Amino acid sequence: MATATPTSTPTPQAPAVNRLNRQLPDYKGLPSTLCAGCGHDVITGQIARAYWESGVEPWSLAKLSGIGCSSKTTAYFLSKSHGFNAVHGRMAAIAAGVTAANRRLALIGVSGDGDTASIGFSHFLHTVRRNVRMVYVIENNGVYGLTKGQFSATADRGSVRKGGVDVNESYPIDCCALAIEMGCSFVARSFSGDTKQLLQLLKAAIAHPGMAVLDVVSPCITFNNHEGSTKSYKFAKAQEDPLHEIGFVPHFEPMLVDVDPGKTKVIDLPDGGKITLTKLATDYDPANRAGALNLLAQDKIERRFHTGLIYHNPSPSLSFIEQMGMVDEPLATLPQSSTRPGREVLEQVMESLS
Amino acid sequence: MATATPTSTPTPQAPAVNRLNRQLPDYKGLPSTLCAGCGHDVITGQIARAYWESGVEPWSLAKLSGIGCSSKTTAYFLSKSHGFNAVHGRMAAIAAGVTAANRRLALIGVSGDGDTASIGFSHFLHTVRRNVRMVYVIENNGVYGLTKGQFSATADRGSVRKGGVDVNESYPIDCCALAIEMGCSFVARSFSGDTKQLLQLLKAAIAHPGMAVLDVVSPCITFNNHEGSTKSYKFAKAQEDPLHEIGFVPHFEPMLVDVDPGKTKVIDLPDGGKITLTKLATDYDPANRAGALNLLAQDKIERRFHTGLIYHNPSPSLSFIEQMGMVDEPLATLPQSSTRPGREVLEQVMESLS
Amino acid sequence: MGTATEIAPSAAATYTGETIVNDLVIEVATSNGTGSQSANLVLMRSIFRMGVPVGAKNLFPSNIQGLPTWFTIRANGDGWIAKRVAPDVFIAMNEESVEDDLAKLRPGAVLLLRTALKGFLKRNDLIVYECPFDEMVKDVDVKLRKMVVNMAYVGVVGWLLNIEMEAIDAAIHKQFAAKAKAAEINVVCARKGWAWAAEHLRKKDPFLLRRLDKTKGKIIVEGNNATALGLTFGGCTFLAWYPITPSSTCAEALIDYLSEHRKDAATGKATFCAVQAEDELGAIGMVVGAGWVGARACTTTSGPGISLMSEIAGLSYFAEIPAVIVDVQRMGPSTGLPTRTCQGDMLKAYYLSHGDTKHILFIPKNPKEAFEMGSRLFDVAEHYQTLVFMMTDLDLGMNYWMSDRFEMPTHREDRGKVLTAADLDRLGQFARYKDVDGDGICYRTLPGTDHDLAAYFTRGTGHTERATYTEKPADWQRNMDRLARKFETVRRELPPPEEDLTGSPVGVIAYGTSDEAVAEARHLLRLEEGLETDYLRVLALPAHVRVKEFLSSHRVTYVVEQNRDAQMRAIFAAEFPESASRVRSVLHYSGDPIDARSVVEGIVKQEKR
Amino acid sequence: MGTATEIAPSAAATYTGETIVNDLVIEVATSNGTGSQSANLVLMRSIFRMGVPVGAKNLFPSNIQGLPTWFTIRANGDGWIAKRVAPDVFIAMNEESVEDDLAKLRPGAVLLLRTALKGFLKRNDLIVYECPFDEMVKDVDVKLRKMVVNMAYVGVVGWLLNIEMEAIDAAIHKQFAAKAKAAEINVVCARKGWAWAAEHLRKKDPFLLRRLDKTKGKIIVEGNNATALGLTFGGCTFLAWYPITPSSTCAEALIDYLSEHRKDAATGKATFCAVQAEDELGAIGMVVGAGWVGARACTTTSGPGISLMSEIAGLSYFAEIPAVIVDVQRMGPSTGLPTRTCQGDMLKAYYLSHGDTKHILFIPKNPKEAFEMGSRLFDVAEHYQTLVFMMTDLDLGMNYWMSDRFEMPTHREDRGKVLTAADLDRLGQFARYKDVDGDGICYRTLPGTDHDLAAYFTRGTGHTERATYTEKPADWQRNMDRLARKFETVRRELPPPEEDLTGSPVGVIAYGTSDEAVAEARHLLRLEEGLETDYLRVLALPAHVRVKEFLSSHRVTYVVEQNRDAQMRAIFAAEFPESASRVRSVLHYSGDPIDARSVVEGIVKQEKR
Ligand SMILES: Cc1ncc(C[n+]2csc(CCOP(=O)(O)OP(=O)(O)O)c2C)c(N)n1
Ligand SMILES: Cc1ncc(C[n+]2csc(CCOP(=O)(O)OP(=O)(O)O)c2C)c(N)n1
Ligand code: SF4
Ligand code: SF4
Ligand SMILES: [Mg+2]
Ligand SMILES: [Mg+2]
């Protein structure tokens with residue numbers, strides 16, 4: 001049961017079963033083969049929990065990923081969901097096909113900073129542009145973990161590579177800013193070390209009726225956790241600066257506590273769910289696009305690292321599926337009677353060509 | 001000779017020869033095979049003129065392009081420069097290799113909105129990120145001209161396709177905003193119908209010591225010049241709203257007229273050239289990154305269309321070549337004595353492996 | 001609209017010389033973007049309406065407006081309508097190309113020369129009719145003149161060759177079906193041409209057309225349309241594409257057909273989804289995503305596109321995801337010539353991707369087959385859970401072909417081995433990559449299947465029968481062997497080749513659009529050289545065992561291909577090495593469609609060696 | 001550091017049973033990310049220091065930490081050091097794999113079993129030494145214990161097999177050259193293992209190592225390093241790459257070598273440029289851009305990468321731009337097994353891209369050749385103005401190989417036919433695609449050449465000799481024919497195959513890393529079956545005419561390949577069809593490197609049929 005108080009939004013006390021009568025283990029996956037302590041594993045845990053708490057049927061979800069340590073994690077949660085660990089960088093494009101084929105499927109995509117910001121950059125941005133309804137998680141560690149620690153395009157300028165010789169000269173890509181620029185209506189940043197926030201953001205993203213991009217700083221213990229890295233656990237822990245305390249109340253649960261409108265902003269989602277944003281140090285309005293871009297620009301300059309719901313468009317544009325004007329029934333299971341025009345149609349076409 | 005007056009910056013009276021004693025025809029190319037009236041041809045003319053007026057040796061320039069009507073135009077100017085009409089969407093990546101191989105080469109890349117914002121999107125953005133020194137011209141007509149008029153990713157929402165049936169549902173990509181987001185230090189927008197402005201912008205871009213992105217609205221007469229298009233000549237002509245009157249004084253020419261500092265801002269370039277921006281209706285500061293992004297965001301919402309120098313970073317970061325710490329001599333012509341280490345080096349390596 | 005009664009009789013009425021009836025090639029040289037395409041189609045269709053078999057090839061430049069374009073029409077009473085070089089009647093309209101054009105004409109050819117170009121005529125071995133086409137239409141509104149001047153040559157050539165004015169009328173109305181006004185003006189101009197010719201010309205050439213009844217029930221259609229129609233009737237539910245000549249019109253026709261004929265009757269909503277992707281990588285990614293979920297998903301592309309799709313093609317093969325690629329081949333390598341035809345992707349598509357990958361290829365010879373195969377592609381892709389190519393080419397895709405009417409598919413769609421929730425209940429278990437039936441084809445479930453057993457994990461890396469990750473050598477090899485077994489199942493089940501056996505020791509093999517030219521070449525070989533040949537046409541790859549038998553039972557087999565590197569022959573050599581030494585090649589790779597004469601010469605030269 | 005005098009004598013001192021000297025395979029099962037790699041290399045290098053030929057294969061998982069990994073060392077006095085299956089001595093350290101590991105051992109194998117795992121032992125047909133490795137290092141700082149426990153087994157096995165302690169010491173110091181402290185601790189732990197063994201074990205197995213002098217002057221090196229060194233000495237000036245296993249360490253080694261040895265002496269500035277690209281498309285794009293301008297440009301990749309590079313590979317071929325791709329092959333198709341070896345890209349790389357495209361392939365067998373070929377790649381690419389592949393594989397690239405020392409290249413670099421401004425002055429004209437010398441290779445100018453005649457226009461579409469645009473069929477075909485001619489020039493000039501002819505009617509052909517196993521297999525065939533064989537090793541494609549002659553002069557030729565689809569054989573069949581029927585395949589595609597026994601069995605089985 002979710003609660004929302006004016007001052008804080010505690011993680012709900014986990015019930016033994018969710019609204020589908022399923023237990024948390026129904027949302028787990030195979031044992032992880034990542035390095036002990038990898039940030040990605042923490043995210044995996046929160047994803048499982050978020051779907052459990054959101055009461056999503058595992059079979060109604062598809063898990064998509066590219067290639068990388070991060071992309072492997074789709075095997076480590078929700079074993080009862082179909083998973084597709086595809087090729088490096090193309091997951092976002094694949095997602096568009098998946099949702100088109102069965103509009104009823106819920107979708108989560110897990111990617112890495114290499115997978116998303118380098119090889120898959122164009123697909124990522126175009127999929128944002130299409131507004132494919134999905135939760136898109138970038139497990140951002142500033143390196144290519146699986147290929148042993150090369151800088152990724154999100155590595156900050158001046159970051160030092162493990163071993164201490166190489167310094168990154170390149171301008172870092174901010175996937176949040178880019179997503180906003182491409183019209184994304186739900187853009188969040190989080191940190192694998194802040195599981196409480198991450199869980200709420202994931203649940204809100206699941207409820208979001210469009211593409212939700214979560215850029216989660218997720219330290220690579222093996223290759224990017226040293227002094228001089230701006231994606232190390234220590235650095236992130238020290239620098240993380242939440243914009244607000246975020247809570248989420250799904251549509252099927254009552255909002256238990258009264259909210260102090262001066263301190264907590266409530267965002268109503270189309271499905272009846274609610275996001276609560278409780279003010280911390282300063283006021284932050286995630287509905288202000290320019291403000292969000294400014295924040296991110298300043299963060300880049302000042303090496304700050306804000307987390308929370310960076311941008312949320314309360315009146316998002318049509319999702320990809322909606323734009324397409326398709327029948328309600330999934331295309332995947334349409335019978336021949338719906339997909340083969342009648343003989344008279346062929347006759348008519350033949351006539352026009354004769 | 002360039003002049004700059006407080007109120008206007010007229011196109012300089014073309015001398016018969018430039019500072020290299022070359023005439024304009026030395027900067028021309030083969031006859032165009034584009035449709036009569038195509039915006040691209042106008043840009044071609046201004047490119048030739050800009051290099052002529054800038055006194056660049058044709059042989060010291062390389063012309064790069066992808067595939068498309070726009071990309072063909074590299075054959076229509078500067079026949080005495082090496083040209084590379086490569087494959088669709090990869091020109092920006094190729095440019096990085098070209099500049100690395102010969103750091104003394106000046107570079108111009110001509111691309112289309114399809115070539116840049118769809119298939120070549122990631123390369124474009126990563127090349128911006130690398131800050132490859134080049135003039136990057138996007139001949140933006142909102143359609144794929146060469147493949148007969150499909151919408152491109154820069155087509156505005158609600159644009160109508162020729163013939164009148166299809167309406168574009170997709171969120172448009174603004175290459176200027178994206179370039180700024182990726183750290184570009186010279187971002188301009190222009191219109192093929194505004195040759196005066198375009199010429200000055202091109203000359204400034206040539207002098208810019210980093211990547212200069214010019215997004216030039218260039219109507220496709222054949223497929224996107226109808227009612228309902230926001231890239232038609234008529235629409236662009238009516239909607240174009242210059243941010244300032246721009247002038248350019250190359251380093252080898254004196255600044256002839258005094259400038260009214262209240263009205264005209266002068267930007268000093270590292271090579272001694274000067275950009276003059278004379279105020280029009282409202283004040284606009286191209287050095288303000290947030291302001292530039294805001295302008296573009298508002299333009300998108302309000303369907304406005306501002307032209308001029310949208311963003312200019314007076315202290316840009318190192319260019320790609322500078323980051324690479326290479327010798328001054330072009331890599332392409334290094335002799336074997338520079339590129340084959342001595343026998344003792346091999347001995348030493350062998351020793352370490354024994 | 002005027003009636004035929006006002007019309008002067010054609011040249012045939014008074015001509016008394018030697019005649020060549022219903023056997024000619026007309027070529028028209030114009031400039032693209034001038035509307036000449038309409039006039040040329042009217043010309044083609046007029047002949048078609050006269051019941052005379054007709055074929056047409058359009059040679060156009062890779063730009064949008066203003067460069068030379070040549071349209072060739074072959075009319076042949078015996079039905080030989082493949083490309084034939086050296087036109088009999090040439091209509092010179094375009095100044096830019098006229099010098100070359102005239103130089104290349106065969107001696108004795110008929111030339112209709114636009115008056116403005118008469119200065120370019122330097123030869124006296126042609127039968128020349130100088131025609132002031134521009135003069136003929138000078139009364140027409142100046143804005144339209146550039147377009148309708150083309151209709152004037154239709155009228156002139158109609159009079160000259162005895163094309164019936166009714167047929168021309170009807171063809172014009174067909175061409176401008178939606179635009180009555182335009183139709184009217186064009187009719188007027190065609191008649192002006194006719195009238196001018198009747199008044200000023202005296203026929204000096206032998207070529208005549210006369211009504212036959214050999215086109216009844218036939219249609220005229222571009223292959224890309226036929227493919228699109230096949231995909232529509234084949235149950236396509238998903239298209240992702242990126243524009244590229246010469247495939248774009250296939251995707252566009254598909255979208256048109258789907259939009260018109262595949263809306264739910266009750267709601268008006270679409271039973272399909274069509275997306276213009278950001279590039280070919282995105283397009284094939286979407287297709288594979290959709291195919292994984294169970295959509296009948298395809299993309300259309302050409303050479304550069306298949307190169308870009310290579311990696312994901314391997315994913316489709318290895319993770320066993322149905323997908324369909326229509327490759328409308330253009331002249332490669334590299335960007336190549338987008339407006340020229342080729343069969344240059346055969347080897348490349350067959351083996352597309354790194355590692356040990358192979359794919360199914362269908363190779364239609366004409367629009368009817370493009371339709372029929374097109375309507376089967378999804379069945380095949382879903383049945384074998386793999387990538388299926390349809391290899392057409394620019395010649396088929398973008399030229400207008402006379403064709404038999406397409407027949408309504410009667411087969412039930414084949415969705416392959418898909419387990420539903422009910423199946424899973426019944427079975428109580430599911431192993432995605434287990435070869436239950438011994439044919440190498442396993443069972444799959446679709447994402448979204450309401451059952452806790454349904455889920456499996458798809459990956460392009462090593463997997464066990466239960467779809468879990470493995471790096472064990474034995475697991476890997478077992479899976480690869482099963483995939484090879486599946487491919488042999490495919491080989492057995494794909495359509496057998498088409499054969500025409502005469503008992504000759506000399507075999508000819510061809511595929512796709514070479515068929516017509518090869519048929520004619522065999523006819524010529526018989527007539528001119530007394531050389532009887534056996535013929536086999538490959539309809540699909542992997543090649544059927546009949547190909548092996550054909551190769552091994554002929555002294556020599558000529559494989560006719562429209563590429564430089566004998567790509568199909570390379571595939572045969574790899575798969576049927578025992579006969580490799582008896583195979584020879586006839587290759588055509590100029591970008592023009594292949595013609596019978598080239599085939600004849602290619603064979604005769606080698607037979608004489 | 002202690003001296004050898006403190007050391008107890010090895011088992012050999014007191015052992016009196018049957019012996020097998022200098023012929024054994026040791027396999028160590030550990031978990032990756034535990035530092036066992038160092039211990040295994042020390043073991044390998046100790047044997048190497050004893051002058052005994054040694055080979056090693058590391059079988060590691062595609063993750064970073066915590067999964068099973070196996071390291072196999074083969075020591076053989078006769079120099080047979082290819083992979084051999086069924087180890088003689090097995091060191092079981094890893095709980096996760098131990099059950100399988102023990103089950104797979106051959107009867108009579110020697111097992112060093114970590115005490116903690118002794119519960120897993122279910123067999124009694126092994127020679128078992130239970131070893132409390134953890135106990136041996138219990139005094140070491142807890143943080144290091146996981147690492148150095150591996151050094152304990154080095155000590156134990158050293159004592160058991162009579163590896164000299166001096167050799168172990170030296171190997172440890174080599175391994176930890178930069179870290180004296182670590183070296184010290186490791187030495188201590190190895191000695192602890194040795195001492196424990198001396199005290200507690202009694203030798204029950206026959207395997208012994210004894211000093212030889214067969215490794216003098218040799219080195220130990222990974223193929224990727226060798227390639228990188230070759231590229232460095234070959235004058236590489238540009239590298240663009242995208243990380244992918246197993247090629248990443250090649251690019252990284254190249255960057256290291258360049259950074260260290262290719263700085264201008266005066267300025268300290270780099271005579272090269274190395275870029276990590278956004279993806280493989282970007283990488284090959286940059287390479288082609290740099291090659292066009294005249295840099296000696298390369299990229300390194302593996303299967304998925306070459307798929308993505310397909311389109312631009314065709315550009316390089318067709319626009320004739322020098323470029324080099326090092327393909328370190330891994331197990332495909334699709335993402336496949338990144339940490340397993342294969343020769344699965346041969347056919348794919350050879351024909352990479354759509355249309356009629358072909359490329360030059362170099363195929364080194366070992367590090368020395370990787371170095372030598374690597375140092376020639378830019379010469380070849382620039383000479384022929386085209387794309388050149390070097391096809392290595394994971395086995396070569398990432399395993400440690402004993403090798404002869406590399407020799408300083410003495411050839412002058414070949415920049416190909418490049419015209420300078422002075423040349424242009426002299427010639428007064430320039431036509432980029434004119435075959436002046438009749439070898440199909442034309443002259444080029446580099447962008448930036450200070451001359452008004454220098455410029456030409458490069459494109460992937462149709463071009464004339466003067467590099468202007470053309471769509472004319474004859475121009476296209478002429479250019480394609482010239483490219484084919486150029487490829488035949490290449491064929492004549494590439495290094496001929498290596499041959500070992502005995503006059504036998506049975507031929508064997510192999511390439512790349514199969515060489516060692518095939519050499520051993522031929523030896524075994526001779527010994528065990530009395531079957532003499534002729535041998536040909538292909539060093540490069542297009543295949544030399546000697547390959548054709550070899551194929552046609554043998555009753556049967558076995559082509560040994562590490563792929564499923566007999567890819568090299570397919571190329572031979574296409575190019576030498578006259579002998580295709582006499583070729584058979586021996587194929588190995590489990591992901592493990594090929595071993596002699598598999599080759600023997602493959603041949604014997606078919607010879608007996
Ligand atoms: C086409 C292709 N290129 C390269 C690779 C090799 N590769 C595997 S994962 C990876 C990068 C992973 O980085 P990231 O996406 O940040 O994931 P992480 O491992 O850091 O979680 C690369 C380059 C590949 N599998 N496919
Ligand atoms: C890989 C590849 N895909 C598709 C094409 C076909 N193609 C040629 S140009 C073009 C788009 C051109 O659009 P744009 O870049 O906007 O240029 P424009 O013609 O509008 O100036 C396309 C899709 C191609 N040449 N290569
Ligand atoms: S290498 Fe880094 S990203 Fe990969 S599993 Fe280990 S800690 Fe995680
Ligand atoms: S099609 Fe459009 S973009 Fe292409 S040349 Fe014609 S007008 Fe220009
Ligand atoms: Mg990463
Ligand atoms: Mg465009």
Side-chain angles (χ1 to χ4, degrees), chain A residues 26 30 33 57-60 62 64 67 74-75 78-87 89-102 104-105 122-123 125-126 130 320-321 324-328 330-334 336 338-343 345-347 349-350 352-354, chain C residues 217-221 229 232-238 240 257 261-262 264 267 269-273 275 277-279 281-282 285-297 311-312 315 405-406 408-409 412-413 445-452 454-461 468-469:
Chain A
D26 263 0
L30 297 173
T33 61
E57 278 289 8
W59 53 259
S60 73
L64 309 177
I67 300 286
T74 43
L78 281 145
S79 281
K80 294 187 196 313
S81 300
H82 275 78
F84 191 172
N85 187 187
V87 292
R90 316 295 166 199
M91 178 266 281
I94 289 172
V98 168
T99 193
N102 186 340
R104 293 181 192 159
L105 274 179
S122 181
H123 306 300
L125 296 174
H126 278 274
R130 290 195 181 94
F320 174 65
I321 285 299
M324 290 289 141
M326 289 186 280
V327 291
D328 295 340
L331 298 183
T333 48
L334 287 178
Q336 180 179 317
S338 303
T339 61
R340 187 181 292 168
R343 183 178 298 275
V345 171
L346 188 61
E347 285 311 315
V349 175
M350 288 302 103
S352 76
L353 297 171
S354 70
Chain C
K218 304 230 183 219
I219 57 173
I220 290 181
V221 66
L229 211 50
T232 303
F233 280 82
C236 173
T237 50
F238 187 78
Y257 286 129
H261 305 300
R262 286 280 302 282
D264 184 73
T267 61
K269 288 184 176 168
T271 62
F272 68 92
C273 174
V275 197
E278 56 273 27
D279 58 18
L281 290 145
M286 291 181 204
V287 165
V288 160
W292 179 67
V293 178
R296 313 197 97 190
E311 190 194 12
I312 296 184
L315 178 68
R405 284 178 178 236
F406 308 160
M408 184 68 190
R412 277 221 52 79
E413 67 178 11
T445 56
L446 302 184
T449 301
D450 173 4
H451 200 288
D452 271 7
Y456 68 95
F457 200 84
T458 304
R459 41 164 70 84
T461 49
T468 58
Y469 184 68

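Note on naming: letters A, B, ... go to the chains in the order of the sequence lines (proteins, then strands), and numbering restarts at 1 for each one. Since we're looking at a predicted model, the values are computed, not measured. Atoms considered below: every heavy atom in the structure, side chains included; atoms not considered: hydrogens, waters and symmetry mates.
Using a 4.5 Å cut-off between heavy atoms, A:Gln336 touches chain C through backbone and side chain atoms alike. No part of A:Ile67 comes within reach of chain C, as not one of its non-hydrogen atoms sits under 4.5 angstrom from that chain. Neither the backbone nor the side chain of A:Arg104 comes within contact range of chain C; no heavy atom of the residue lies under 4.5 Å from a heavy atom of that chain. Looking at A:Thr74, both its backbone and its side chain come within 4.5 Å of chain C, counting heavy atoms on both sides. Residue contact with chain C, scored on non-hydrogen atoms closer than 4.5 Å, involves the backbone and the side chain of A:His123 alike.
The closest side-chain heavy-atom distance from C:Val293 to A:Leu105 is below 4.5 Å. Under the 4.5 Å side-chain criterion, counting only non-hydrogen atoms from C-beta, A:Pro341 is in contact with C:Thr232. Contact of the C:Leu446 side chain with the A:His82 side chain is not registered, since no non-hydrogen atoms from C-beta on lie closer than 4.5 Å. Within the 4.5 Å cutoff, the side chain of A:Asn85 has no heavy atoms near those of the C:Tyr469 side chain. Looking at heavy atoms from C-beta onward, A:Val345 lies out of side-chain contact with C:Tyr257 at the 4.5 angstrom threshold. A heavy-atom distance below 4.5 Å is found between the side chains of A:Thr339 and C:Arg262. Residues A:Leu331 and C:Cys273 form a side-chain contact, since some pair of their non-hydrogen atoms from C-beta on lies under 4.5 Å apart. Between A:Arg130 and C:Glu278, the closest side-chain pair of non-hydrogen atoms falls below 4.5 Å.
Considering OG1 of C:Thr237 and CG of A:Leu334, their distance stands at 7.0 Å, rounded to 0.5 Å. Here CZ of A:Phe84 is found 6.0 Å from OG1 of C:Thr458. Values are rounded to the nearest 0.5 Å. In this structure, C:Asp264 CG and A:Asp328 CG are separated by 9.0 Å, a value rounded to the nearest 0.5 Å.
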Check: How far apart are the C-alpha atoms of A:Val327 and C:Phe272, what are their side-chain angles, what is the distance that settles it, and do they pass the side-chain contact (heavy atoms from CB on, under 4.5 Å) test?
Finding: CA-CA 8 Å; A:Val327 291; C:Phe272 68 92; over 6 Å; no

Note to self: Test side-chain contact (heavy atoms from CB on, under 4.5 Å) on A:Arg90 and C:Met286; report intermediate values, then the result.
What the structure shows: CA-CA 9 Å; A:Arg90 316 295 166 199; C:Met286 291 181 204; over 6 Å; no

Next item on the list: Might you work through the side-chain contact (heavy atoms from CB on, under 4.5 Å) test for A:Ile94 and C:Trp292, ending with a clear yes or no?
Entry: CA-CA 9 Å; A:Ile94 289 172; C:Trp292 179 67; 5.9 Å; no

Next item on the list: Go through the steps to decide whether C:Arg405 and A:Glu347 satisfy the test side-chain contact (heavy atoms from CB on, under 4.5 Å), and finish with yes or no.
Entry: CA-CA 9 Å; C:Arg405 284 178 178 236; A:Glu347 285 311 315; 4.2 Å; yes

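If you tally non-hydrogen atom pairs under 4.5 Å between each of C:Ala270, C:Gly217, C:Cys236 and chain A, the highest count goes to C:Ala270. Ranked by heavy-atom pairs under 4.5 Å with chain A, the list C:Gly294, C:Pro409, C:Ala455 is led by C:Ala455.
C:Phe406 and A:Leu346 make their closest contact through O-CD2, 3.7 Å (heavy atoms, listed as atom of the first residue, atom of the second, distance).
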